[in-house]
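These notes are about the structure you will find just below.
Just follow the structure's listing: the first ligand is 1, and inside any ligand the first atom is 1.
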Amino acid sequence: MLDKGKDAAVQTDAKAATPASCFNLTETWVLMLSLMQKELGPTACKSWITPITPVRFEKGVLELSVATRFIRDWVKTHYAERVRHLWAQNFGMIIRVDIVVAQTATPAAVQEVAAPLAVQRTESQPVADSLSSPLDPRFTFDNFVVGSPNELAHAAARRLADGDDVAFNPLFLYGGVGLGKTHLMQAVAWAMRARNPQRRVVYMSAEKFMYQFVRALRSKDMVSFKDMLRSVDVLMIDDIQFICGKEATQEEFFHTFNALVDQNKQIVISADRPPSALEGLDERLRSRLGGGLAADLRPTTYELRLGILEQKRRMLKRDIPQGVLEFLAQKITSSVRELEGALNRLVANAELTNRQLTVEVAQDLLYDLLRANDRRVSVDDIQRKVAEHYNIRISDMHSPRRARTVARPRQIAMYLAKALTEHSLPEIGRKFGGRDHTTIMHGVRRIEELVVSDHGIQEDVEKLKRAIAG
Ligand code: ADP
Ligand code: MG
């Protein structure tokens, strides 16, 4: 499991740590510690497990470091397999656990997981592998909860993962932060690699693409960079909005894109907005990007959030009261990432302090997070502020009155509700006295026009935005 010479190869390398995924090793390790403690009891855990520092988790290999060779050998023979097993059960895919001796394992370094050590890699890596960013082992289809906001995107991803043909090119996934774009893309990558290990599936962020492009330019190595890219079977680029406005990178991406499409290779792209809304993007590229299937991940619903939390509870094998999950699903509406972070924090805290998890404890521990979510704008706020500003009654927001003096402010409130909240048009319609979504759409459009043509309205809208945000 571990090669002998490895401890000599330990070295610090800041660069290797930069393309960090959002996977939080420190948090995961805290959970691992508590799982190990349950299994081994406090004494053994304190002697052998607590002194371990998690170094990195990459390509399914969990790397741990300890202070001496003796501890390494002991941990390796007695606990490594246990760690691997628990990890697989609770956090997903893992290939093996490597244990290395840290060169300068001072107590401070043991605590400092934020600056991980890197270990020289000995195995030779195939081309696609070195080009691809590591995949997060939790980002699989099994761990992806499907609900109405992500149904289409999920179905499209599944279709690609289950077939060998090119179904739609490209698949363009878009949606706000933390709604599952990266998870879904990597799920496709895992599934494709599992289905056919020969298929060269490259996943990388647009940022990494740009970085590699610039590096190839500098080292006058463009030809091999291009060859490498064009030799892949499936190319996935995450967060393409990063290359908007970066002309040379765009140009290269465009050529690669065309070459791959011509060879009938599959491309998957993600962005924080639809192709039509990508600014600073070459027109040809934009229309090509929109030429396949664009599927959006919409803001989560309460049901989806609860479903995700329940799934997470199963994975963690924790006894978390349903009421706590419902509380979180109701209160933390911004992104799934925040939702998961909140749950992890609760579990880690409860483990460490031995407190029973209740809604009160959750309220207490997540005070800051809950406040930030509360501060998000509601349609009621908007209606109140707009009514104040124009000196009309709040009830006029719901009433059928069509007099210009109330109709225009009402439209402004609709426009702001669309711009500043994540509610859908039908949802907004309900909050405006049960109006139809087409009425809301009409109001929003009207104000969009006026903001451009009418200076007074533009000022009002700006002022209101500031008042609502403050
Ligand atoms: P994005 O790339 O859209 O910003 P991510 O894919 O990184 O978002 O998702 C953020 C976090 O939320 C990840 O930990 C991911 O596993 C989780 N997540 C998002 N959507 C789902 C879902 N439908 N089911 C399970 N987990 C999800
Ligand atoms: Mg992402």
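- In this structure, V61 and F57 have side chains that are not in contact, with every pair of non-hydrogen atoms separated by 4.5 Å or more.
- Remark: ligand 1 atoms within the under-4.0 Å shell around heavy atoms of N143 are 24 (N), 25 (C), 26 (N).
- Between P170 and R288, the closest heavy-atom pair is CD-O, 3.6 Å.
- In terms of polar-atom proximity, defined here as any N/O pair under 3.5 Å, Q311 makes no such contact with ligand 1.
- Under a 4.0 Å criterion applied to the non-hydrogen atoms of G176, ligand 1 contributes the atoms 3 (O).
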Residue pair H442, M414: steps toward the side chain to side chain contact (heavy atoms under 4.5 Å, CB included) verdict: CA-CA 10 Å; H442 172 77; M414 293 171 184; over 6 Å; no
CA sep, side-chain torsions, deciding dist, call: F242, M210, side chain to side chain contact (heavy atoms under 4.5 Å, CB included): CA-CA 9 Å; F242 270 113; M210 205 173 80; 5.8 Å; no
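- Across R195, R199, R200, R193, a single residue satisfies salt bridge (Lys or Arg N to Asp or Glu O under 4.0 Å) together with D233, and that is R200.
- For ligand 1, the atoms lying closer than 4.0 Å to a non-hydrogen atom of N150 are 23 (N).
- Using cut-offs of 30° and 60° for the angle between ring planes, the F172 and Y174 rings count as tilted.
- When only interatomic distances are considered, the shortest N/O to N/O separation between G180 and ligand 1 falls below 3.5 Å.
- Every atom of ligand 1 with a heavy atom of V177 under 4.0 Å away is listed here by number and element: 4 (O).
- The residue among M315, E340, R305, R337 with a heavy atom at the shortest distance from atom 5 (P) of ligand 1 is R337.
- Using a cut-off of 2.8 Å, one finds that S270 contributes no N/O/S atom close to the Mg ion (ligand 2).
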Stepwise side chain to side chain contact (heavy atoms under 4.5 Å, CB included) check, F253 with I269: CA-CA 12 Å; F253 177 69; I269 304 283; 3.6 Å; yes
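- Between F139 and ligand 1, no pair of N/O atoms sits closer than 3.5 Å.
- In this structure, M185 and I237 approach most closely via the heavy-atom pair CE-O, 3.3 Å.
- Below 4.0 Å from some heavy atom of H183 lie the following atoms of ligand 1, by number and element: 6 (O), 15 (C), 16 (O), 26 (N), 27 (C).
- Residue contacts with ligand 1 for V145 involve both N, CA, C or O and side-chain atoms from C-beta outward (heavy atoms, distance under 4.0 Å).
- Taking any N or O of F144, backbone or side chain, none lies under 3.5 Å from an N or O belonging to ligand 1.
- Between H154 and F144, the ring-plane angle classifies as parallel under the 30° and 60° cut-offs.
- The shell of residues lying under 4.0 angstrom from ligand 1, judged by heavy atoms, includes G178.
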